[in-house]
Amino acid sequence: MDKLNGKTALVTGASRGIGRAIARRLAAEGAHVGVHYATNETAAKETVAGIEAAGGTAFAIRAELGVPGDAEALWRAFDEHADGVDILVNNAGIAGPGQIHEVTEADYDKVFAVNAKAPFFVIQKGLERLRDGGRVINLSSGVTKVAFPGMTSYAASKGAVEVLTLTLAQTLGPRGITVNAVSPGTIETDIHPWMADPAAKAHAAGFSVFDRVGQPADVADVVSFLASDDSRWVTGQNIDVSGGSGLGI
Ligand code: NAD
């Protein structure tokens, strides 16, 4: 477990859920990990403490995303702890429920601000810090592959992330930087409060050929591969991490 020794990583939205699992996994591989959070300092510090207890190193940084100047604020906070980054994971995101007739303009703007605009400018403002040979990994979603009409604006925001991934892979290739996305299926995190209902959870489990919902570590393990040298010949891709959801009818 030393594939990322000497590397510095930044994981957005790492105080809980998938981001926390990614931060833990990258740290377990030897990376020094920036644990970004929006408001829950206690949870971010727990993530850092857990990493340190397991023998890794990490630091917490605060910045609200989806507001003007968010990317600059994030990197200013990051700069207080590290002088460059090798692995940038754009994980922070929010749900955007609603069929098209239910989505207000304000809801749409918020979902796009956090899920699509923030990663765009976090990458843009991070380019001078991102070292050659680095990695950018963006969290998309299986809702870009299988239609979920009840998540219209969310799905569209993740579609933007996937096209950004493809485009930047071309832009950053000459620097040896790979840019990939991962698209989880239904993962058991706080983004899905409805999963507290066993019947709803069982229904979601049925999306996967393995008949279970995913766990954050199922995603973190794939991100760890994309962060490592093992994935050096993979770029501009969107890796489905959904337990085979939507494979058949
Ligand atoms: P989560 O709600 O548990 O975690 C989301 C994280 O993003 C939190 O740490 C939160 O603080 C952070 N965040 C949200 N809004 C923010 C803001 N305005 N500023 C800064 N940070 C903010 O959800 P999760 O399931 O761990 O989701 C992580 C990523 O995975 C998201 O991009 C989500 O869209 C994606 N995803 C999740 C699932 C799933 O089923 N859980 C499926 C596909 C994709």
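Owing to the predicted nature of the structure, the values given are computational and were not obtained by experimental measurement. Each ligand, and each atom within it, is numbered from 1 in the order the structure gives.
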Nearest-neighbour protein heavy atom for atom 18 (N) of ligand 1, which is reported as residue plus atom name and distance: L65 O, 2.8 Å
E102 (side chain) donor-acceptor with I100 (main chain) under 3.5 angstrom: no
Protein heavy atom at shortest distance from atom 25 (O) of ligand 1: T189 OG1, 2.5 Å
E64 N/O under 3.5 Å from ligand 1 N/O: no
N-O pairing of R16 and E46 below 4.0 Å: no
Geometric N/O contact I187 with ligand 1, under 3.5 angstrom: yes
The single option from N180, N238, N138 passing side chain to side chain donor-acceptor pair (under 3.5 Å) against T165: N138
Donor-acceptor contact present, side-chain E29 to main-chain L26, <3.5 Å: no
Atom 42 (C) of ligand 1 touched by protein (heavy atom, under 4.0 Å): yes
Nearest protein heavy atom with distance in Å, relative to atom 29 (C) of ligand 1: N91 O, 3.0 Å
Side-chain donor or acceptor of R232 paired with backbone N/O of D229 under 3.5 Å: yes
Contact (N/O only, under 3.5 Å) between R16 and ligand 1: yes
Contact check, A63 vs ligand 1, heavy-atom distance below 4.0 Å: yes
Closest approach of any protein heavy atom to atom 5 (C) of ligand 1, naming residue and atom: G93 O, 3.7 Å
Min N/O separation I18 to ligand 1 under 3.5 Å: yes
Options I191, T12, T39, V219, ranked by nearest heavy atom to atom 23 (O) of ligand 1, top entry: I191
Whether H203 and F207 hold their rings parallel, tilted or perpendicular, with breakpoints at 30° and 60°: perpendicular
Sub-3.5 Å N/O-N/O distance, K158 and ligand 1: yes
Parallel, tilted or perpendicular: rings of H32 and F59 (30°, 60°): tilted
Sub-4.0 Å atoms of ligand 1 with respect to non-hydrogen atoms of S141: 43 (C), 44 (C)
Identity and distance of the protein heavy atom lying nearest atom 44 (C) of ligand 1: S140 O, 3.1 Å
Atom 13 (N) of ligand 1: nearest protein contact (heavy atom, Å): A92 CB, 3.9 Å
Flag, side chain of D218 to backbone of Q215, donor-acceptor distance under 3.5 Å: yes
Check: Y108 main-chain N/O paired with S153 side-chain donor or acceptor under 3.5 Å: no
Protein contact of atom 6 (C) of ligand 1 - nearest heavy atom, named by residue and atom, plus distance: G13 O, 3.7 Å
Ligand 1 to G185 polar contact by distance, N or O atoms, under 3.5 Å: yes
Closest approach of any protein heavy atom to atom 33 (C) of ligand 1, naming residue and atom: Y154 OH, 3.5 Å
Under 3.5 Å: N/O of A38 near N/O of ligand 1: no
Heavy-atom donor-acceptor pair, R62 side chain to Y37 backbone, under 3.5 Å: no
